[in-house]
Amino acid sequence: MSKYKLFLLRHGEGAWNKENRFCSWVDQKLSENGVKEAQDCGRLLKEQGYKFDLVFTSLLSRSIQTAWLVLEAMGQEWVPVVKSWRLNERHYGALIGLNRAEMASQHGEEKVKLWRRSYDISPPPIDESHPYFLEIYNDRRYNTCDVPKDNLPRAESLKEVLDRLLPYWDSIVVPEIRRGRTVLISAHGNSCRALLKHLEGISDNEIANVTLPTGIPVLLELDENLRPVKPRQLLGDQAKIQAAIKKVEDQGKNKPR
C-alpha cells in the first residue's frame, strides 16, 4: 500500500555534460538544452497533476536552477527550496574537468566505468595543484556547510556519497515526508543513485547498472517504512528515456576516430 510519494530528479543537462567532462563540484549553469529539459519536466509534472510541498537541492547552480525552472513551469514558484552540500554531486577528485571519452581512450573503458559507476572505488583525490581546486574550495557557498571546509571531501566513491547523504536524509528529509508532504529532490546523477541504492536495497554490484538521464523525474511510491511498494517510475516518453539512458552510458566509452 502506497503511503508517500517521493520524486527524484537529476538536474537538466549542464554545460560540461554537453562537453562530456567530469563536472562534479565545479559550478556550472544549465546548457540551453538543460533549460528546456527542466521546463519540459515541470510541464509534464503539471499535466500529471502533481503538487510539491517542499524541494531539496544541492548547493550547485545546475541543481538549484533546475528546481526553479520546474517550479515555474508548474506554477508553484512559492514552494520552499532548501539547499545542502550533502546533496552535491559525487566529488570526482583529480578527474574533475577531464573528458570521459578521452579518459576511456587513455585508461580503458572498464577503468572509467569503475571510476564512474562502481560503489566503493574512489578516483584519485584532488590536490592544490589541480586547476579547479581553488575555484571549489574558495567558494563561499561552502562556508555554509555543517562541517568545516577542511573536512569536505577531496574525492568520493558512491559509498562515500551515501555516507554523507544519509544523515541529511534521515534527519531533515524523512521527517518532512512523514508529515505527509510531497517532496522533490532536485540533485545529481550520483546523489540520486546513492539514495535509490539505499531505498531500493540495490546491491553493490547492481548499482553500477542504474543510469539516470538528465531532466527525467523519477517517482517512488513508498510504504509507511519508506520502502518502495512498486518499481521506480521514470516519467515521460519511454522511448526517449531509453535513448537518454543510452546517451549517458555511452559517455564513458572510447569514441572511434
Close side-chain approach of [X] and [Y], heavy atoms under 4.5 Å:
| X | Y | value |
| --- | --- | --- |
| Val35 | Glu32 | no |
| Cys23 | Asn17 | no |
| Leu196 | Arg232 | yes |
| Asp53 | Val79 | no |
| Thr57 | Val82 | no |
| Lys5 | Leu219 | yes |
| Lys29 | Gln65 | yes |
| Leu71 | Val81 | yes |

Calculate, to the nearest 0.5 Å, the distance between atoms [atom1] and [atom2] belonging to [X] and [Y] respectively.
| X | Y | atom1 | atom2 | answer |
| --- | --- | --- | --- | --- |
| Trp68 | Ser61 | CH2 | OG | 7.5 Å |
| Lys51 | Thr182 | NZ | OG1 | 10.0 Å |
| Glu110 | Ser118 | CD | OG | 11.0 Å |
| Asn190 | Asn88 | CG | CG | 11.5 Å |
| Leu152 | His91 | CG | NE2 | 8.0 Å |
| Tyr4 | Asp223 | OH | CG | 9.0 Å |

- Item | Gln48 vs Leu45, side-chain contact (heavy atoms from CB on, under 4.5 Å): CA-CA, chis, key distance, verdict | CA-CA 5 Å; Gln48 297 195 1; Leu45 292 168; 5.7 Å; no

- Would you call the rings of Trp85 and Trp25 parallel, tilted or perpendicular if under 30° counts as parallel and over 60° as perpendicular? perpendicular

- Task: Measure the acute angle between the ring planes of Tyr92 and Phe22, then classify it against the limits of 30° and 60° as parallel, tilted or perpendicular.
- Result: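 Taking Phe22 first and then Tyr92, their aromatic rings sit tilted (interplane angle of 30° to 60°).
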
Check the hydrophobic clustering (I, L, V, M, F, W, Y; side-chain heavy atoms under 4.5 Å; chains of links allowed) and say if [X] and [Y] are grouped together.
| X | Y | result |
| --- | --- | --- |
| Leu9 | Leu59 | no |
| Ile216 | Leu184 | no |
| Tyr142 | Ile126 | yes |
| Val70 | Leu6 | no |
| Leu165 | Val210 | yes |

Any idea which heavy atoms bring [X] and [Y] closest together, and the distance?
| X | Y | result |
| --- | --- | --- |
| Leu30 | Leu69 | CD1-CD1, 3.8 Å |
| Leu44 | Pro217 | CD2-CG, 4.2 Å |
| Leu234 | Pro213 | CD2-CD, 4.1 Å |
| Leu87 | Ser191 | O-OG, 3.0 Å |
| Thr66 | Gly12 | OG1-N, 3.1 Å |
| Lys83 | Ile64 | CD-CD1, 3.7 Å |

Answer yes or no: does atom [atom1] of [X] have more than 12 heavy-atom neighbours from other residues, nucleotides or ligands under 6.0 Å?
| X | atom1 | answer |
| --- | --- | --- |
| Lys149 | NZ | yes |
| Gln238 | CD | yes |
| Glu19 | CD | yes |
| Glu77 | CD | yes |

Treating [X] as the side-chain partner and [Y] as the backbone partner, does any N or O pair qualify as donor plus acceptor under 3.5 Å?
| X | Y | answer |
| --- | --- | --- |
| Arg227 | Leu199 | yes |
| Arg21 | Trp16 | no |
| His130 | Ile96 | yes |
| Glu224 | Lys3 | no |
| Ser63 | His11 | no |

- Ion pair Lys230/Glu221, N-O distance below 4.0 Å: yes

- Item | Salt-bridge present (Asp204, Lys159; N to O < 4.0 Å) | no

- Query: Of the options Glu37, Arg10, Lys18, which is the one that meets Thr214 in a side chain to side chain donor-acceptor pair (under 3.5 Å)?
  - Reply: Glu37

- Message: side-chain hydrogen bond (donor to acceptor under 3.5 Å, both in side chains), that's the test. Do Ser58 and His188 meet it? Break it down for me.
- Response: CA-CA 8 Å; Ser58 74; His188 303 267; 2.7 Å; yes

- Ser157/Asp120 under side-chain hydrogen bond (donor to acceptor under 3.5 Å, both in side chains): CA gap, chis, key distance, verdict: CA-CA 5 Å; Ser157 63; Asp120 55 6; over 6 Å; no

- Mind running side-chain contact (heavy atoms from CB on, under 4.5 Å) on Asp139 and Glu135 for me, showing each step along the way? CA-CA 6 Å; Asp139 192 320; Glu135 183 174 327; over 6 Å; no

- Item | Verdict with reasoning, Ser129 to Asp127, per side-chain hydrogen bond (donor to acceptor under 3.5 Å, both in side chains) | CA-CA 5 Å; Ser129 68; Asp127 63 30; 2.5 Å; yes

Verify whether one side chain among [X] and [Y] offers a donor that lies under 3.5 Å from an acceptor in the other.
| X | Y | answer |
| --- | --- | --- |
| Ser122 | Glu160 | yes |
| Ser31 | Glu13 | yes |
| Asn20 | Arg100 | yes |

- For His198 and Leu166, run side-chain contact (heavy atoms from CB on, under 4.5 Å): C-alpha distance rounded to whole Å, both residues' side-chain angles, the deciding distance at 0.1 Å, then the answer. CA-CA 9 Å; His198 171 68; Leu166 273 182; 3.6 Å; yes

- Task: Give the C-alpha distance, both sets of side-chain angles, the deciding distance and a yes or no for side-chain contact (heavy atoms from CB on, under 4.5 Å) between Trp169 and Leu162.
- Result: CA-CA 10 Å; Trp169 165 256; Leu162 184 56; over 6 Å; no

- Task: Is it possible for you to check whether Arg154 lies under 6.0 Å from the centre of the six-membered ring of Tyr137, through NZ or CZ, and within 45° of that ring's axis?
- Result: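 Geometry flag: set, cation within 6.0 Å and 45°.
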
- Query: Would Tyr50 and Phe7 count as a close aromatic pair, with their ring centres under 6.0 Å?
  - Reply: yes

